[in-house]
There are 2 protein chains.
Amino acid sequence: MKLNNTSQYAIRILAYIADHKEKKLLSAAELSTALVIPYKFLTKIMTELVKADFIKSIRGREGGFKLQKSASEIKVDDILNVFNDSIKEEECILGIGFCNGMCKCALHDQWMEPKLLMQKIFQESSLEDIAGRGCKI
Amino acid sequence: MKLNNTSQYAIRILAYIADHKEKKLLSAAELSTALVIPYKFLTKIMTELVKADFIKSIRGREGGFKLQKSASEIKVDDILNVFNDSIKEEECILGIGFCNGMCKCALHDQWMEPKLLMQKIFQESSLEDIAGRGCKI
DNA sequence: TCCAATTACTACTACTAGGTAGAATTTAAA
DNA sequence: TTTAAATTCTACCTAGTAGTAGTAATTGGA
Ligand code: SF4
Ligand code: SF4
């Protein structure tokens with residue numbers, strides 16, 4: 001019951017970039033060191049984040065990464081979606097099938113509360129929220 | 001963000017057994033057919049459930065499985081623990097480290113609410129609750 | 001006693017997530 | 001123009017989860 005590793009890395013990477021927008025560009029080496037994420041794995045994730053259009057990459061010497069959109073436009077849920085890790089409406093905790101509202105298991109009603117809360121948190125929290133407050137990660 | 005397959009199977013198996021206590025014993029073949037779980041995989045899970053002392057097995061001809069404890073004594077969380085799938089107090093959604101109450105990320109306070117709710121549901125829901133109500137699975 | 005129905009054990013395969021290695025490509029600075 | 005610093009691409013390795021295969025052990029009933 002947790003987000004997968006890659007999603008967690010991605011959130012931390014993007015939050016870190018959002019938190020350092022005074023710097024024009026951040027290199028993969030810099031991010032890898034600061035966030036303690038294996039360099040080679042980080043570069044792989046970066047490529048996916050570029051393809052997902054969250055960040056822009058500048059290749060070559062003095063290159064690096066920066067946000068492509070404003071931090072408030074990127075929601076946690078958007079990030080999770082890239083790594084197939086968001087909370088799907090139709091997926092069920094007990095894996096019995098699809099929630100059709102007709103046939104409910106005994107845990108259904110109880111389960112909807114935390115499920116909706118998590119969806120809400122993910123959908124409404126933007127990078128700006130994460131980057132601007134709390135301890136830096 | 002979901003329970004792993006084996007946990008889901010285990011919950012359904014135990015709920016089914018609890019729901020059919022009028023039968024003395026249920027065989028692996030019967031469970032496999034009723035719950036549409038691959039026979040060989042099911043027998044593997046059964047062995048773990050026996051070792052975890054949730055069910056008792058009777059070997060040999062006319063053998064099968066039955067609950068070892070009363071359905072109200074077996075909580076969902078106990079089942080999840082066997083398959084290393086419960087929500088750990090010290091594990092964090094963002095995977096930054098340990099929640100020490102000193103240093104909190106921006107999502108921490110929001111996250112505690114669904115986390116505690118889920119823990120509560122798992123810890124307080126017993127097989128009896130699941131088996132007695134809702135659609136049969 | 002023997003057989004067939006049953007669980008238990010051991011070992012394997014398939015798939016996926018996480019991570020690594022090395023080379024190709026791009027680009028600014030020297 | 002050359003070089004070094006950077007991203008990108010392709011291919012692989014590793015560990016864990018899901019699932020399969022075959023056989024051994026147990027036991028009630030014919
Ligand atoms: S009714 Fe229960 S098993 Fe079915 S989708 Fe809802 S929570 Fe899952
Ligand atoms: S403060 Fe945030 S990152 Fe740290 S344990 Fe709590 S939810 Fe996780």
Residue closer to the 5' end of DNA chain C, B:Ala28 versus A:Ile58 (nearest nucleotide): B:Ala28
Main-chain N/O of A:Ile121 paired to A:Ser125 side chain as donor or acceptor, under 3.5 Å: yes
Whole-Å distance separating the CZ atom of B:Phe41 from the C1' atom of C:dA8: 16 Å
Chain A footprint on DNA chain D, 5' to 3' - any atom under 4.0 Å from a heavy atom: D:dA4 to D:dC9
Between C1' of C:dA5 and CG of B:Leu25, the distance in whole Å: 13 Å
Atom-pair distance (CD on A:Gln8; C1' on C:dG18), nearest Å: 12 Å
Separation between CG of A:Leu116 and CH2 of A:Trp111, rounded to the nearest 0.5 Å: 10.0 Å
Protein-nucleotide distance (B:Lys66, atom NZ; C:dT7, atom C1'), rounded to Å: 15 Å
Upstream residue (5' side of DNA chain C) when B:Arg61 and B:Thr47 are each assigned their closest nucleotide: B:Arg61
Polar pair under 3.5 Å, donor/acceptor by atom type, side chain A:Lys44, base C:dG18: no
Touch class at under 4.0 angstrom, heavy-atom based, for B:Phe65 against every strand present: sugar-phosphate
Rounded (10°) bend between the five-pair end axes of the helix from C:dT1-D:dA30 to C:dA30-D:dT1: 20°
B:Lys40 NZ to C:dC12 P, straight-line distance once rounded to whole Å: 15 Å
First encountered from the 5' end of DNA chain D, between B:Gly60 and B:Asn84: B:Asn84
Spacing between A:Asn4 atom CG and C:dG19 atom P, to the nearest angstrom: 10 Å
Sugar-phosphate only, base, or nothing, as touched by B:Thr43 at under 4.0 Å among non-hydrogen atoms: nothing
Nearest atoms (heavy-atom pairs only) where B:Lys24 meets B:Lys66: O-CB, 3.6 Å
Contact summary for A:Asp77 and A:Ser86, nearest pair of heavy atoms: OD1-CB, 3.4 Å
Phosphate OP1/OP2 of C:dG19: any A:Tyr9 side-chain N/O under 4.0 Å: yes
Identified side-chain contact (heavy atoms from CB on, under 4.5 Å) counterpart of A:Leu127 within the set A:Asp78, A:Ile79, A:Asp19, A:Ile11: A:Ile79
Donor-acceptor pair present, A:Arg59 side chain and C:dT25 base, under 3.5 Å: yes
B:Met46 CE - C:dT6 P separation (whole Å): 14 Å
Protein-nucleotide distance (B:Asn5, atom CG; C:dA14, atom P), rounded to Å: 19 Å
Sequence neighbours excluded - side chain to side chain donor-acceptor pair (under 3.5 Å) pairs with any residue from residues 25-52 of chain A: A:Lys23-A:Glu30
Within one Ile-Leu-Val-Met-Phe-Trp-Tyr cluster: B:Met118 and A:Leu117, side-chain cutoff 4.5 Å: no
